[in-house]
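One structure is given here, and the rest of the page talks about it.
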Amino acid sequence: MTVAVLWFRKSLRLHDNGALTWACSSDEVDSILPIFIFDEEELRGEGGGLGFNRLNFISQSLRDLDNRLSDNLGLRLRIFSGNYLEVLGNIRQHLEGEKICLAYEYCSEPRLRNSEVTLEDWSRISDDFRTKSFPARHTLLDIEEVVGSKEFKKPKSMKDMEIIFRRHLDVNSLGFYDVGDPLPVPNSSKSMNTVNLSGSVMEISDLESSIMRIYPGREDDVQYFTGGETEALERLREKVTDRVQFVNDFRKPKTVSTNSKDDPREPSTTGLSPYLSSGCLSARMLWRECEKSYLTGSHTKPPESLHGQMMFREMFYLLSRTVENWDSDVGNESCIEVEWDEFDREKITAWETGNTGYPYIDAMMRQLDKTGWMHHLGRHAVSCFLTRGQLWQNWTHGRDVFERKLLDSDWALNNGNWLWLAGVAPFSMPYYRIYNPCPDSKSSLNVETVNADFIRYWVPELRSFPSKYIFEPHLAPASVQRTSNCIIGEDYPLPIVDRKLSRKENLIRFKSSIQT
DNA sequence: GGATCCGTTGTAGCT
DNA sequence: AAGCTACAACGGATC
């Protein structure tokens, strides 16, 4: 009798799940025990744990996963909290006398790889404990295969990525890289393992109530994105499958149009990133869905296309796997040394809470806090503002805020994007390209813009402000401030820094950092 | 081997 | 009102 302990880590889904498919179809497996383990750190709340939105999203994803396991396969998900090895050791004890095979998805993050070494040791010691890992379908490429190949060189640009894709993937007759078919949701008559895990298991409802305990006062927040595979597949259909023209025309935005005009919470892009990072949606499922659209006619190409966006994602996965200290500003070959100012709590807090006095920045940061999401160009603007643009603070402080709050935050990508936007990496854009925190030149001509409404929604103090002054309300005459019911300096903060002056000074400082 | 080009997405000011 | 130009000017790849 072998029990397949099916460890859900990065893929909170039934489709395209190698470990699940194996457990359902293997002759050696008699019963299945699906598990998920929270790291205690993640449930620590404001003291360094995951933010409310992320936690809630994961919790919703787990509830959906449990429902789908139950509906499709008659299985139930068991949720734990604690150190991986302790939890797994505990499960192992409870299953004493049975043959165990731990089936899991391989993860390239160092934090997660460490536990694997010990697991391998366990399986060497005992015949009753085996592990079976599956190549991550979190990415299109098999990261281990690519970084292990003789020709591998760390990619620095899209050109390099084209070479890597060509080397490791076949091109099909239609000219697309063949990423392989996503695995279907498996069928199974395997039974649920009924071992009594005596109290160490968390029910989903326990998890939900502990989230509310960790973040009191947020129970009435309506989450804009709902976690889960069901929701992911629904959004995929709505935003990709059913929008052929949008997919075929997709290119990097030339102007900053952040969110949909009808709903300032709805992204103008696909909004699928939270589902990719939590593994509610498989990357190659998305890739294939884009491909279907491309078959209907002319379409954009990498790097601008949606396929191109996904190739960047692969680049950061490859780099994060091979660059030592990827998440650090020291000992990281992808990070030049810059003498950032000392940690400035006032500046960081103003930035994090959306009180810098620059409404565009503040709107973005408040949207992040409320919804867990921000448009990618907004991310550029706020991270540039915090680092080389205006506030001259170390990028790792901003990285930490994104890590806690962004629904789609992902260790490889979050660090990669900060390295890039702080201008410290070899793959960064030229450092003298600094984003304007007040980007809409039209507003000075008193033209209504999507961004003005976006700001009014997220910074309600400025609800009645005319578009002409909405990017820099402190420049509005006192009479305008009075009629708009918002006195700058009282009802909404004055700018935390002079944006033009700090830009100029920081440009000089950055230049000298490069030359030393 | 020196010149030139490029880097997924710049800004400000002028006409 | 869109489009041009000047700005600033790195490092690596390529020719």
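So you know, we letter chains A, B, ... as the sequences are listed, proteins then strands, and number each from 1.
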[X], nearest nucleotide to its side chain (from [options]):
X: A:Pro303; options: B:dT8, C:dA8, B:dT9; value: B:dT8
X: A:Lys156; options: B:dT9, B:dT8, C:dA13; value: C:dA13
X: A:Asn436; options: B:dT9, C:dC10, B:dA12; value: B:dA12
X: A:Ser157; options: B:dT11, B:dT9, B:dT8; value: B:dT8

With sugar-phosphate meaning primed atoms plus P, OP1 and OP2, does [X] contact a base, only sugar-phosphate, or nothing at under 4.0 Å between heavy atoms?
X: A:Phe312; result: base
X: A:Lys159; result: nothing
X: A:Arg499; result: sugar-phosphate

Nearest-Å distance for atom pair [atom1]/[atom2], residues [X] and [N]:
X: A:Tyr431; N: C:dG12; atom1: OH; atom2: C1'; answer: 16 Å
X: A:Leu501; N: B:dA12; atom1: CG; atom2: P; answer: 14 Å
X: A:Gln390; N: B:dG10; atom1: CD; atom2: C1'; answer: 13 Å
X: A:Lys153; N: C:dA13; atom1: NZ; atom2: C1'; answer: 11 Å
X: A:Trp420; N: C:dG11; atom1: CH2; atom2: P; answer: 19 Å
X: A:Asn417; N: B:dT9; atom1: CG; atom2: C1'; answer: 13 Å
X: A:Arg313; N: B:dT8; atom1: CZ; atom2: P; answer: 19 Å
X: A:Glu304; N: B:dT9; atom1: CD; atom2: P; answer: 11 Å

**Asked** Does anything in residues 378-400 of chain A pair up under ring pair (Phe, Tyr, Trp, His ring centres under 6.0 Å), and if so which pairs, sequence neighbours excluded?
**Response**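 Those involving residues 378-400 of chain A are A:Trp340-A:Trp392, A:Phe343-A:His397, A:Tyr358-A:Phe385, A:His376-A:His380, A:His380-A:Trp420, A:His380-A:Tyr435.
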**Message:** If the threshold is 4.0 Å, N to carboxylate O, is there a salt bridge linking A:Arg456 and A:Asp453?
**Reply:** yes
**Check ion pair A:Lys154-A:Asp160 (N to O, under 4.0 angstrom)** = no
Using atom [atom1] of each nucleotide, how far apart are [N] and [M] to the nearest Å?
N: B:dG7; M: C:dC7; atom1: P; result: 23 Å
N: B:dC14; M: C:dA8; atom1: P; result: 15 Å
N: C:dA6; M: B:dT8; atom1: P; result: 26 Å
N: B:dC6; M: B:dG10; atom1: P; result: 15 Å

Under 4.0 Å between a side-chain N or O of [X] and OP1 or OP2 of [N]?
X: A:Tyr432; N: B:dT11; value: no
X: A:Arg433; N: B:dT9; value: yes
X: A:Lys511; N: C:dA9; value: yes

**Item:** Residue list, side-chain hydrogen bond (donor to acceptor under 3.5 Å, both in side chains) with A:Asn394, at least two apart or on another chain
**Value:** A:Asp329, A:Thr396
**Request:** Let me know which of A:Glu289, A:Glu229, A:Glu266 forms a salt bridge (charged side-chain N to carboxylate O under 4.0 Å, His left out) with A:Arg235.
**Result:**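 Going through A:Glu289, A:Glu229, A:Glu266 one by one, the salt bridge (charged side-chain N to carboxylate O under 4.0 Å, His left out) with A:Arg235 is satisfied by A:Glu266 alone.
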**Request:** Find the runs of at least 3 consecutive base pairs, i with j, i+1 with j-1 and so on, that include DNA chain B, using Watson-Crick or G-U wobble geometry with both distances under 3.5 Å.
**Result:**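 Stems for DNA chain B, defined as runs of 3 or more consecutive pairs: B:2-7 with C:10-15, B:10-15 with C:2-7.
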**Request:** Just say parallel, tilted or perpendicular for the rings of A:Tyr177 and A:Trp287, cut-offs at 30° and 60°.
**Result:** tilted
**Message:** Are A:Phe312 and A:Phe316, when compared by the centres of their aromatic rings, separated by less than 6.0 Å?
**Reply:**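 No.
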**Prompt:** What do you reckon, are the aromatic ring centroids of A:Phe402 and A:Trp418 less than 6.0 Å apart?
**Reply:**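 Yes, they do, as the ring centres are separated by less than 6.0 Å.
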